Number of protein chains: 2
Amino acid sequence: MPADDASAARRPTLTEVAALAGVSLKTASRALNREPNVAPSTGARVRDAADLLGYRLNGIARELRRGATSALVGLVSGDLANPFYSAVASGIERELRQHGLLLITANNDEDADLERNLVEAFLERRVRALLVIPSGNDHEYLSVEGSRGVPFVFLDRPPDRLAADCVLIDNAGGAQSAGEHLLAAGHRRIAMVADLARMAPQRGRIDGFVRAMRAAGNDAWEPYLRTEVHDVRHAERTVKELLSLEPAPTAIFTTNNRLTTGALRAMRGLAEPPALIGFDDFDLADVLGTTVVAHDMSAMGREAARLAQERINGHTGPARTIVISTSITARGSGERPPR
Amino acid sequence: MPADDASAARRPTLTEVAALAGVSLKTASRALNREPNVAPSTGARVRDAADLLGYRLNGIARELRRGATSALVGLVSGDLANPFYSAVASGIERELRQHGLLLITANNDEDADLERNLVEAFLERRVRALLVIPSGNDHEYLSVEGSRGVPFVFLDRPPDRLAADCVLIDNAGGAQSAGEHLLAAGHRRIAMVADLARMAPQRGRIDGFVRAMRAAGNDAWEPYLRTEVHDVRHAERTVKELLSLEPAPTAIFTTNNRLTTGALRAMRGLAEPPALIGFDDFDLADVLGTTVVAHDMSAMGREAARLAQERINGHTGPARTIVISTSITARGSGERPPR
DNA sequence: GTGAAAGCGCTAACAT
DNA sequence: ATGTTAGCGCTTTCAC
């Protein structure tokens with residue numbers, strides 16, 4: 001660190017800049033903000049003084065004066081190490097940055113209480129909008145906020161007991177397509193490995209899949225339904241167990257990226273692997289030849305940011321829901337016939 | 001949105017809470033902050049009033065009064081959609097949250113000017129510390145800040161013309177191991193596909209690899225060196241081109257996760273693929289059987305956050321450098337013999 | 001145990 | 001074109 005002791009203590013304020021430039025506080029403010037009605041020579045003198053002192057605007061003071069609302073947008077989500085969340089976050093950040101807004105992120109660790117604390121912390125910081133990929137189930141505590149002008153947008157899961165904008169994936173539709181895709185390839189004994197059924201997206205995916213089976217008059221899937229599978233290891237074990245059944249399922253549908261990873265691990269090295277379709281696309285799925293229910297995660301973030309943006313700009317009106325469509329990306333694993 | 005028009009406009013302030021509770025401003029402040037010297041009954045009355053009004057502390061005002069420094073730590077990095085950056089960000093956030101700090105993230109789009117703008121924006125917001133995974137090469141503009149008490153930590157790439165804490169990967173060591181690993185399997189014609197050579201981590205990886213080759217007296221790699229390969233598509237093309245040479249290389253070393261992805265795409269479906277080692281571990285590398293130079297990205301974030309934390313707590317002293325070690329994770333692709 | 005006054009650094013409103 | 005005054009919402013003296 002350079003030893004610049006003299007200035008180490010405190011940052012210079014606008015008052016000091018003004019004093020050095022020999023002008024009033026307000027003139028200094030005008031000059032640095034490039035407002036009109038400042039003589040060019042005065043402006044230059046002020047800016048020189050600012051540079052000399054190493055002055056930097058105090059955004060906190062500005063924001064307080066301008067109405068105590070920041071240029072920050074909060075995102076509370078699951079762990080960014082999960083590519084689903086990070087892809088969404090990336091889409092959000094990119095959109096916000098276009099509008100001069102910054103993104104604060106916090107991980108709820110899939111804990112409803114922590115989620116609530118983080119939301120409170122963001123609100124204290126006077127975020128302009130709050131984006132939530134919820135973990136908790138009750139969001140009524142947010143209802144006062146919505147009415148106080150902090151817009152919320154929910155992603156991936158609709159808010160509970162609260163009307164608010166949200167961006168969802170067509171979970172039921174995507175899962176139904178997956179089911180139909182496997183049926184069309186001739187499968188009947190189709191296993192579904194799902195995460196916690198209490199989570200809305202999982203519910204939708206389960207329902208969609210079941211709908212496809214019912215419509216085809218197929219009930220051979222029923223012994224192979226597994227829910228409450230929440231991590232990769234558990235998914236791997238579950239798929240191994242499914243494949244050791246007699247008769248074994250000839251196809252597997254996994255309802256999110258973690259579970260698909262587990263299934264791929266379980267199936268590694270199998271001479272005659274079952275067919276597989278996973279919900280959520282992922283890196284290298286093309287190399288692995290894994291058929292997936294794909295959807296645009298980055299667009300999801302972008303749309304959510306856009307909704308927030310519009311509310312920030314004063315848009316009123318009823319809560320809106322945007323549904324991100326899905327499509328089957330066939331890469332081989334979902335097209336394997338029953339053996 | 002619930003139609004709660006009356007309160008939609010403005011948030012209640014502490015003054016209003018105090019008025020409703022029939023106490024002075026200061027007493028209200030004490031009560032809500034749970035400071036000593038407040039009669040229990042008074043405290044309860046104030047808190048009731050706060051609940052009734054839907055009061056929420058204005059963190060901006062508090063921060064201004066307390067010294068204009070926020071509870072925010074900034075991270076400027078590449079796109080969070082890249083698992084390397086998101087893993088690091090996740091490690092940082094987790095560590096900061098333990099200490100009541102929040103993470104603001106912004107993507108520099110690998111553009112030095114944008115990076116500088118984002119850094120400025122963060123500093124205006126009075127972040128407590130600034131973490132940078134640099135894209136630009138000149139960081140001298142930050143030197144005034146360092147001396148003004150905003151700690152910086154650089155990740156992955158050392159700062160240029162500036163002494164600051166940083167957390168680096170043992171790039172040269174990891175790449176050298178990769179080279180030795182391939183040599184030990186009997187390879188001589190080893191291709192290296194590298195990213196922009198001007199970036200320090202790439203330089204280190206290139207140097208480490210070359211050192212391994214020199215030490216073994218092997219120069220058969222030289223025709224197969226490719227640098228300035230910056231994205232997946234380019235990597236895929238480059239590897240295809242390498243494999244069509246006569247004689248073709250029998251092994252490939254890719255110097256980051258993007259390039260490894262490209263190589264895997266290029267090698268997809270090959271009956272006799274060359275050996276492959278990639279720098280950076282990745283999801284599903286186990287399923288694909290890809291040997292990698294692994295390192296703990298989450299630990300990298302954690303260490304960086306820790307360094308920042310210590311500086312925030314007043315630690316002074318010379319700039320420190322932490323080096324994250326690497327290790328070869330053998331999964332098959334790097335152990336294939338030359339054909 | 002409680003309150004009055006001052007002020008953090010800036011910008012808005014109103015002079016001049 | 002420039003300056004003066006007030007005040008954002010809170011915490012910090014210092015007094016009672």
Side-chain angles (χ1 to χ4, degrees), chain A residues 9-47 49-50 53-71 121 123-128 148-150, chain B residues 9-47 49-50 53-71 121 123-128 148-150:
Chain A
R10 214 180 38 77
R11 305 199 70 99
T13 71
L14 190 53
T15 312
E16 296 167 47
V17 173
L20 181 60
V23 298
S24 80
L25 179 60
K26 182 56 201 172
T27 302
S29 169
R30 275 197 268 259
L32 295 180
N33 290 322
R34 308 246 174 216
E35 287 170 29
N37 292 335
V38 175
S41 67
T42 313
R45 210 163 69 248
V46 171
R47 280 187 289 276
L53 293 175
Y55 170 78
R56 191 176 305 270
L57 175 91
N58 186 330
I60 295 178
R62 162 182 282 180
E63 281 163 7
L64 177 60
R65 183 60 245 237
R66 297 232 260 225
T69 181
S70 67
L123 291 172
E124 283 194 357
R125 245 131 226 140
R126 294 298 195 266
V127 290
R128 286 287 269 284
R148 282 262 157 57
V150 181
Chain B
R10 214 179 39 78
R11 303 201 69 97
T13 70
L14 190 53
T15 313
E16 296 167 46
V17 173
L20 181 61
V23 298
S24 80
L25 178 62
K26 181 55 203 171
T27 301
S29 168
R30 274 197 269 257
L32 294 180
N33 289 321
R34 308 248 172 211
E35 287 171 29
N37 291 336
V38 175
S41 66
T42 314
R45 210 163 69 248
V46 171
R47 281 186 289 276
L53 293 175
Y55 171 78
R56 192 178 302 273
L57 176 91
N58 187 332
I60 296 177
R62 162 181 281 182
E63 282 162 6
L64 176 60
R65 184 60 246 237
R66 298 234 259 226
T69 181
S70 67
L123 290 172
E124 285 194 356
R125 245 131 228 142
R126 293 299 193 265
V127 289
R128 286 287 269 287
R148 282 263 157 57
V150 181

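Not measured: the values here are computed from a predicted model. Chain naming here is simple, since letters A, B, ... match the order of the sequence lines and numbering starts at 1 in each.
Residue L53(A) contributes atom CG, which lies 14 Å from atom P of dG9(C) at whole-angstrom precision. When rounded to the nearest whole Å, the span between CG of L32(A) and P of dT11(C) equals 9 Å. Rounded to an integer number of Å, the gap from R65(A) CZ to dC8(D) C1' is 6 Å. For the pair E35(B) CD and dT11(D) P, the computed distance is 8 Å after rounding to whole Å. Look at CG on L14(A): it is 11 Å from P on dG9(C), rounded to the nearest Å. Regarding R11(A), its CZ atom lies at a distance of 10 Å from the P atom of dC10(C), rounded to whole Å. Spacing between atom CG of L64(B) and atom P of dT12(D) amounts to 12 Å, rounded to whole angstrom units. Between the CZ atom of R62(A) and the P atom of dC10(C) there is a distance of 9 Å, given to the nearest Å.
The two residues R128(B) and S70(B) come nearest to each other via the heavy atoms CG-O, 2.6 Å.
Remark: L57(A) engages Y55(A), R62(A), E124(B) in a side chain to side chain contact (heavy atoms under 4.5 Å, CB included) (not counting sequence neighbours). In this structure R30(A) satisfies the side chain to side chain contact (heavy atoms under 4.5 Å, CB included) test together with K26(A), E35(A), V38(A), sequence neighbours excluded. When the side chain to side chain contact (heavy atoms under 4.5 Å, CB included) test is applied to A39(A), the partners found at least two apart in sequence or on another chain are S41(A), T42(A). The side chain to side chain contact (heavy atoms under 4.5 Å, CB included) check on E16(A) picks up R10(A), P12(A), T13(A), L53(A), with sequence neighbours excluded.
Listed nucleotides dT11(D), dC10(D), dG9(C) differ in distance to N58(B); the shortest reach to its side chain belongs to dC10(D). Picking from dA12(C), dT12(D), dG9(C) the nucleotide with the shortest atom distance to the side chain of A61(A) gives dG9(C).
Checking the phosphate oxygens (OP1, OP2) of dC10(C), no side-chain nitrogen or oxygen of S29(A) falls inside 4.0 Å.
Between the axis at the start and the axis at the end of the helix from dG1(C)-dC16(D) to dT16(C)-dA1(D) there is an angle of 30°, using five pairs per end and rounding to 10 degrees.
Here CG of L32(B) is found 7.5 Å from CZ of R47(B). Values are rounded to the nearest 0.5 Å. One finds the CG atom of L64(A) at 12.0 Å from the CZ atom of R65(B) (value rounded to the nearest 0.5 Å). From I60(B), atom CD1 reaches atom CD1 of I60(A) across 8.0 Å, with rounding to the nearest 0.5 Å.
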Could I get a table of every N or O pair under 3.5 Å where one atom is in the protein and the other is in nucleotides 1-3 of chain D?
unit_1, atom_1, unit_2, atom_2, d
dA1(D), OP2, N37(A), OD1, 2.5
dT2(D), OP1, T42(A), OG1, 2.7
dT2(D), OP2, A39(A), N, 2.7
dT2(D), OP2, T42(A), OG1, 3.3
dG3(D), OP2, S24(A), N, 2.7
dG3(D), OP2, S24(A), OG, 3.2
dG3(D), OP2, T27(A), OG1, 2.8
dG3(D), N7, R30(A), NH2, 2.9
dG3(D), O6, R30(A), NH2, 3.3

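T27(A) has its side chain out of reach of R45(A): every pair of non-hydrogen atoms, C-beta onward, lies at least 4.5 Å apart.
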